[in-house]
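All values derive from a computational prediction rather than experimental measurement. Chain identifiers are assigned alphabetically (A, B, ...) following the order of the sequence lines, protein sequences preceding nucleic acid strands; residue numbering begins at 1 within each chain.
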Amino acid sequence: MNMGTSSDSGLLPKDPIESFAKGAAEGTLKWTKEEISKAINRLANHDLAFIEDIDIINEVKAEKTTEEFKLYANYIQDKELRKIVQLGLTLRKYNNGTDASKVSNLRDRIVERFGSDGLHIAEFVSSKRLSKYISSIITSSSPSTTDISKKIEYMLKNIDTFTMFIKSEDSLEIRFEQIKTILYANRPETFIITGTRTARNITSSLEYKIKREMYGYTTESFDDGIENVIFIKKK
Amino acid sequence: MEIVSLKQLNKESKIELLKQLDLGTDGIFVLKKNGEKYLDKSTKEPIKLDNMLILPGSIEVIDNNPVSLIDYFDEHGDII
């Protein structure tokens, strides 16, 4: 990507590239019809691109180079899932920032493109539940890469079936009955319940009840002080 | 590949640029020749004049957001 040099083709006499690099004032560059026509020819020849700002492009490209994304990409073959996972990492970055509008805009775009399931997958990645899930399935046995891939893709494609978000106002007993019904009806290998902040008390109590009362399942929990994630796993 | 900042182009130049791509604008959104809003290929949402990217390939006007960019890079590779 060339952003700091003059056009060597001479097709853009006002040298917008140099102006861009030097931070020319917004809306000050004026091109003639001929200059625009030449620019479009260069666009068609893959020699030029018009962008609004470079930040989002750099963010999107940088996300793919992170070790975390490379780990996920190693297991996730489905191209659409990979895109959502990448967006989950971007969502996390935006969540950690100060611009709330970036978060809501990205969430809206994800829903428009991938539906509400897509957003739930992105949130699963953003909240680091995917990394915990991978860690959980790797440490519980010694599966092959193919087995891990299958499990991850199956989990992500059925995210709403295999995850439950506990709210602070939820009834412990009702949630426990719901979890029992899901586990006995569907027999999933892993079911994940999550609670944040005050709802963590409920998830902890659910884990206790599941351990004590549900035959055939074991649990593994992760609590970072903000979010409590319980993996309920078939023995 | 050279990069031109659309932010720095004045409005008249942006309008002429769209015109030469057989597109137009109502001053807020990018429009098709028939006056309908031009929709982003990925999100199927209208594209605002101040939030568009015009990228090589089949000369695509897309919305400036991570979702549309990921789809673009997936289709064309990291060409910018």
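Of the listed residues B:D50, B:V61, B:I79, the one with more heavy-atom pairs under 4.5 angstrom with chain A than any other is B:D50. The greatest number of non-hydrogen atom pairs below 4.5 Å with chain A, out of B:D74, B:I54, B:I62, is found for B:I54. Per-residue heavy-atom pair counts under 4.5 Å with chain B were compared for A:K83, A:R82, A:K79, and the maximum is reached by A:K83. Highest contact tally toward chain A, considering only B:M52, B:K19, B:K11, B:K14, is held by B:M52 [criterion: heavy-atom pairs under 4.5 Å]. Heavy-atom pairs under 4.5 Å with chain A were tallied for B:E12, B:E45, B:H76, B:K44; the largest tally goes to B:E45. Between chain B and the options A:I40, A:T90, A:I84, A:I110, heavy-atom pairs under 4.5 Å are most frequent for A:I40. Residue with the most contacts toward chain A among B:D78, B:L6, B:I59: B:L6 (heavy-atom pairs, distance under 4.5 Å).
To the nearest 0.5 Å, the span separating CG on A:D53 from CD1 on B:I3 amounts to 11.5 Å. With values rounded to the nearest 0.5 angstrom, A:E63 atom CD is found 13.0 Å from B:L69 atom CG.
The environment of A:K128 atom NZ is sparse: at most 12 non-hydrogen atoms of other residues, nucleotides or ligands sit within 6.0 angstrom. Few gaps surround CZ on A:F165; more than 12 heavy atoms of other groups in view lie less than 6.0 Å from it.
Of the charged side-chain nitrogens involved, at least one lies within less than 4.0 Å of a carboxylate oxygen, so that B:D71 and A:R113 count as a salt-bridged pair.
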Q) Please walk me through it: do B:D63 and A:R109 pass side chain to side chain contact (heavy atoms under 4.5 Å, CB included)? A) CA-CA 10 Å; B:D63 189 52; A:R109 299 291 92 78; 4.2 Å; yes
Q: Carefully, step by step, assess A:L29 and B:N10 under the rule side chain to side chain contact (heavy atoms under 4.5 Å, CB included).
A: CA-CA 6 Å; A:L29 284 179; B:N10 69 6; over 6 Å; no
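In this structure, no portion of A:K102 lies under 4.5 Å from any heavy atom of chain B.
Contact record, A:V60 with B:I70: CG1-CG1, 3.7 Å, taken as the closest heavy-atom pair. Closest non-hydrogen pair, A:F50 versus B:L55, comes out as O-CD2, 4.0 Å. Here the closest non-hydrogen pair linking A:I51 and B:L53 is CA-CD2, 3.5 Å. Of all heavy-atom pairs spanning B:N65 and A:I56, the tightest one is C-CG2, 4.1 Å. Taking both residues in full, the closest heavy atoms of B:M1 and A:H46 are given as CE-O, 3.3 Å, listed atom of the first, atom of the second, then distance.
At least one donor-acceptor pair closer than 3.5 Å links the side chain of B:S13 to the backbone N or O of A:W31. At least one donor-acceptor pair under 3.5 Å links the side chain of B:Q20 to the backbone N or O of A:K33.
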